[in-house]
Novice: 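I am attaching a structure below and will ask some questions about it afterwards.
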Amino acid sequence: MFNFQIEKPKTALIDYQTTYDFIALGLGPAGMNGALYAKRKGLKTLLVGYDLGGQLNNTSDVDNYLGLGNIDASIMIQKFTEHIKALEVPMLTEVRVTSIVKNDLFEIGLDNGETLRTKTLLYAFGGNPRKLGIPGESTFASKGVSYCVTCDAPFFKKKHVLIAGGGNSALDAAIDLSRIASKVTIVHRSQFKADKTTVDQVSKLPNVEIHLETQLLEIVGDVTMTGARVFNKITQTESLIEADGIFIEIGHIPNSSLLQGLVELNDAKEVKVDRFQQTSIPGLYAAGDVTDNPNKQIIIATSEGAVAALIATSFINQKGDK
Ligand SMILES: Cc1cc2nc3c(=O)[nH]c(=O)nc-3n(C[C@H](O)[C@H](O)[C@H](O)COP(=O)(O)OP(=O)(O)OC[C@H]3O[C@@H](n4cnc5c(N)ncnc54)[C@H](O)[C@@H]3O)c2cc1C
């Protein structure tokens, strides 16, 4: 795999006295595309965040972004960044947002001690897949270990894959994978937490094997993963399950803490949005993996960022202050 050096865009000289029309928080696909759309609409725009590319930095290659074919994730970041630079979208990078307060304007506190002010705000701080935290998990990341069935299932055509987890997302993953892989083995440390209908559906699939009350101990392999060591809590025995891959489907951690108490979140602490990416506060939008959209994908995050920017433009136009 190639590792291309991404030229960091120059951070704009920021006038902290300015009132922005639109600030996009988050340098992942959602924030970047939101800022791009807002800038093209003529809004006084700023893109703010820490690491350029967001979760793309943890990805090897991407195979499902229309028009780009199979692309190395670092090249994808480079392409997104070049587009942002070409449209001269002002950007403040390598800062962490520490607070968000809503008065007449949104006031955004930064870890450099400064405060930004804006009429509308796009919150796109993404999230991260929950990890098992066992030996071999990071060693074989993208070498058999995956956190995204939608992204990676086709790479396991006619192979044997494990699924870690026992909730609805794990069982939905098993149903999807049963159509592609030759065999799917679900390993879960306790009993299923998924809906009964989904459990019944999975139990009837001929190429799905279920190991409940079974703890994953280690993912093993050489160049790529070759299996996982597990411990059966009932028989108190350890064994090795040989497999070509494992999908870890044990949840997603949204970076929504800065909105807690400010907007409505769901039980999973994801930001609730409507189909225009509006949160429960007028002028405050959320897009991408931090929202309650269960489909966490680059193309979805970018499109949601665009929707948010367009709706923010209408919001500003209707208020009449340009
Ligand atoms: C291993 C892996 C492989 C994947 N493969 C694919 C794939 O093949 N295809 C696909 O479509 N999707 C894939 N995804 C999912 C995809 O990466 C996400 O859906 C997408 O990145 C979400 O974009 P986002 O902009 O919502 O958030 P993110 O990409 O998570 O970006 C959020 C940004 O906000 C920043 N941030 C958070 N908190 C703060 C703060 N307080 N201050 C400043 N900045 C902050 C973060 O540093 C980050 O830059 C994969 C994900 C992973 C983890």
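Just so you know, ligand 1 is whichever comes first in the structure, and atom 1 is the first atom listed for that ligand. Keep in mind that what you see is a predicted model, and the values were worked out from it rather than measured.
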Novice: Based purely on interatomic distance, does Gly31 place a nitrogen or oxygen under 3.5 Å from a nitrogen or oxygen of ligand 1?
Specialist: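 No.
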
Novice: Considering only NZ, NE, NH1 and NH2 on the basic side and carboxylate oxygens on the acidic side, decide whether Lys296 and Asp289 come within less than 4.0 Å.
Specialist: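 The answer is no: the pair does not qualify as a salt bridge.
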
Novice: Looking only at protein heavy atoms, identify the closest one to atom 13 (C) of ligand 1 and say how far it is in Å.
Specialist: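 Looking only at protein heavy atoms, the one closest to atom 13 (C) of ligand 1 is Cys151 SG, 3.3 Å.
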
Novice: Residue-level breakdown please: for Cys148 versus ligand 1, do any non-hydrogen atoms fall below 4.0 Å on the side chain, on the backbone, on both, or on neither?
Specialist: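 Contact part for Cys148 vs ligand 1: neither.
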
Novice: Is there any N or O on Ala30 that sits under 3.5 Å from an N or O of ligand 1?
Specialist: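 Among all N and O atoms of Ala30, at least one is under 3.5 Å from an N or O of ligand 1.
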
Novice: Nearest to atom 2 (C) of ligand 1 by heavy atom, Thr59, Leu25, Ile248: which?
Specialist: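 Shortest heavy-atom distance from atom 2 (C) of ligand 1: Thr59.
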
Novice: Measure Asn58 to ligand 1 on non-hydrogen atoms and call it side chain, backbone, both or neither using the 4.0 Å cut-off.
Specialist: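 Only the backbone of Asn58 comes within reach of ligand 1.
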
Novice: Does NZ or CZ of Lys102 lie under 6.0 Å from the centre of the six-membered ring of Phe106, at an angle within 45° of the ring axis?
Specialist: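 Lys102 over Phe106 ring: yes.
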
Novice: Atom 22 (C) of ligand 1: which of Leu92, Leu258, Asp289 has the nearest heavy atom?
Specialist: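 Looking at heavy atoms only, the winner is Asp289.
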
Novice: Given His252, Met76, Glu94, Gln55, identify the one with the heavy atom nearest to atom 30 (O) of ligand 1.
Specialist: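 It is Gln55 that holds the nearest heavy atom.
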
Novice: Are Thr150 and ligand 1 in contact, using a heavy-atom cut-off of under 4.0 Å?
Specialist: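 No, that is not the case, since the closest heavy atom of the residue is not under 4.0 Å from the ligand.
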
Novice: Can you name the residues that form a side-chain contact (heavy atoms from CB on, under 4.5 Å) with Ala194, not counting sequence neighbours?
Specialist: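 With neighbours one apart ignored, the set is Asn168, Leu171, Val199.
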
Novice: Indicate whether any N or O donor in one side chain lies under 3.5 Å from an N or O acceptor in the other, for Asn266 and Asp292.
Specialist: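 Note: Asn266 and Asp292 side chains miss the donor-acceptor criterion.
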
Novice: Listing request: all salt bridge (Lys or Arg N to Asp or Glu O under 4.0 Å) pairs with a residue in residues 197-213, at least two apart in sequence or in separate chains.
Specialist: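 Residue pairs with at least one partner in residues 197-213: Lys183-Glu209, Lys196-Asp200.
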
Novice: Looking only at non-hydrogen atoms, which of Arg96, Glu304, Lys296 approaches atom 15 (C) of ligand 1 most closely?
Specialist: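 Result: the heavy atom closest to atom 15 (C) of ligand 1 is in Lys296.
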
